[in-house]
Amino acid sequence: ELLNLRMRRRLRSFSNFRQGFALFIVILIVSIAGSILTAAFYRVSKVASTSEKLRDIVKAYHAAVSAVKVSIDILGQDNNGFDGVGDDWATPFTYNYEGIVISSSISDECGKINVNRLNESTRLKVLLNLLQELNLDESIAYSLKDWTDKDDEVTESGAERFYYEQFGYKPSNAPFKSIYEILYVKGIDRK
């Protein structure tokens with residue numbers, strides 16, 4: 001009987017061990033499955049987010065292309081023989097492209113002075129006349145010309161490398177690359 005009692009205790013103890021081990025295995029499998037599902041969810045959400053961004057980029061691109069096409073169509077309808085601010089194309093317009101509100105305006109580029117071409121005497125004279133009309137310093141025109149010309153000779157009251165070196169930079173002696181570069185030129189400020 002004592003032997004039976006010991007055997008029963010060992011069997012119970014072994015049975016408890018098997019149940020505990022089985023429980024451990026189940027918890028381990030559930031943990032691994034949870035980790036895998038969490039990682040999968042994270043990847044799927046990243047892919048969805050990337051897809052949404054790509055969709056928005058493509059939609060914005062097509063909206064911009066649409067604005068250009070509408071603008072070209074408006075310009076194509078202009079057949080009155082002259083161009084001016086009173087023309088239909090000069091009126092800004094707004095329209096909706098698949099939920100994107102687009103505002104567009106067309107401006108006449110002929111009324112602008114290309115500061116990258118001030119080495120041509122005619123264009124320099126036009127800018128000088130404009131500055132006189134606006135009661136602005138004429139040296140701005142010469143400084144703009146000196147910024148883009150290839151030499152180091154100061155034109156009239158303009159400025160070349162010697163002037164700019166005191167501020168820690170020098171003129172590019174090349175065409176302007178952006179509108180903001182013009183702020184480095186002598187006599188030019190944001191106003």
Worksheet item: Is there a donor-acceptor pair under 3.5 Å between the side chain of D189 and the backbone N or O of K191?
Response: yes

Item to complete: State, to 0.1 Å, how close K145 and L124 come at their nearest heavy-atom pair, and which atoms those are.
Response: CD-CD2, 3.8 Å

Item to complete: Go through the steps to decide whether R123 and L127 satisfy the test side-chain contact (heavy atoms from CB on, under 4.5 Å), and finish with yes or no.
Response: CA-CA 6 Å; R123 294 179 192 270; L127 180 57; over 6 Å; no

Practice prompt. Could you check D152 against F162 for side-chain contact (heavy atoms from CB on, under 4.5 Å), going step by step and ending with a plain yes or no?
Written response: CA-CA 9 Å; D152 236 1; F162 178 76; over 6 Å; no

Response to the item:
Correct closest heavy-atom pair for W147 and S172 would be NE1-OG, 3.2 Å

Worksheet item: Please walk me through it: do D73 and Q77 pass side-chain hydrogen bond (donor to acceptor under 3.5 Å, both in side chains)?
Response: CA-CA 6 Å; D73 186 50; Q77 294 173 13; 3.1 Å; yes

Discussion item. For K186 versus S157, what's the shortest heavy-atom pair and its separation?
Written reply: NZ-O, 3.4 Å

Discussion item. Within this structure, what is the CG-CG distance for the pair L136 and L128, rounded to the nearest 0.5 Å?
Written reply: 11.5 Å

Item to complete: Decide side-chain hydrogen bond (donor to acceptor under 3.5 Å, both in side chains) for N116 and T148; before the verdict, give the C-alpha distance in whole Å, the side-chain angles of both, and the deciding distance to 0.1 Å.
Response: CA-CA 7 Å; N116 284 329; T148 58; 5.7 Å; no

Discussion item. For a quick test of reading the model, state the closest non-hydrogen atom pair linking A67 to I102 and the distance between them.
Written reply: CB-CG2, 3.7 Å

Worksheet item: Do R161 and P171 have side-chain heavy atoms sitting under 4.5 Å apart?
Response: yes

Worksheet item: If we only count heavy atoms from C-beta on, is the I113 to L118 side-chain gap below 4.5 Å?
Response: yes

Item to complete: Could you check if a side-chain atom of I182 sits within less than 4.5 angstrom of a side-chain atom of L144, using non-hydrogen atoms only?
Response: yes

Worksheet item: Does the D146 side chain pair with the main chain of A159, one donor and one acceptor, at a distance under 3.5 Å?
Response: yes

Worksheet, complete the sentence: On a heavy-atom basis, the closest approach of Y42 and S45 is O-OG, 2.8 Å

Fill in: Minimum-distance pair of heavy atoms, taken over all atoms of I188 and I140
CD1-CG2, 3.5 Å

Discussion item. Any non-hydrogen side-chain atom of I32 less than 4.5 Å from a side-chain atom of I36?
Written reply: yes

Worksheet entry | Heavy-atom side-chain proximity of D88 to D78 below 4.5 angstrom | no

Discussion item. Go through it in stages, so that I can follow the logic: the residues are Y95 and S66, the test is side-chain hydrogen bond (donor to acceptor under 3.5 Å, both in side chains), and I'd like the CA-CA distance, side-chain angles, deciding distance and then a yes or no.
Written reply: CA-CA 10 Å; Y95 72 100; S66 174; 2.7 Å; yes

Discussion item. If hydrophobic clusters are built from ILVMFWY residues whose side chains come within less than 4.5 Å, do L183 and Y164 share one?
Written reply: yes

Discussion item. Please determine whether side-chain contact (heavy atoms from CB on, under 4.5 Å) holds for the pair E153 and E160, giving the CA-CA distance in whole Å, both sets of side-chain angles, and the decisive distance to 0.1 Å.
Written reply: CA-CA 7 Å; E153 297 175 28; E160 281 289 355; 5.7 Å; no

Worksheet item: Aromatic ring centroids of Y184 and Y180 under 6.0 Å?
Response: no

Worksheet item: Just by distance, do the side chain of E52 and the backbone of S49 share a donor-acceptor pair under 3.5 Å?
Response: no

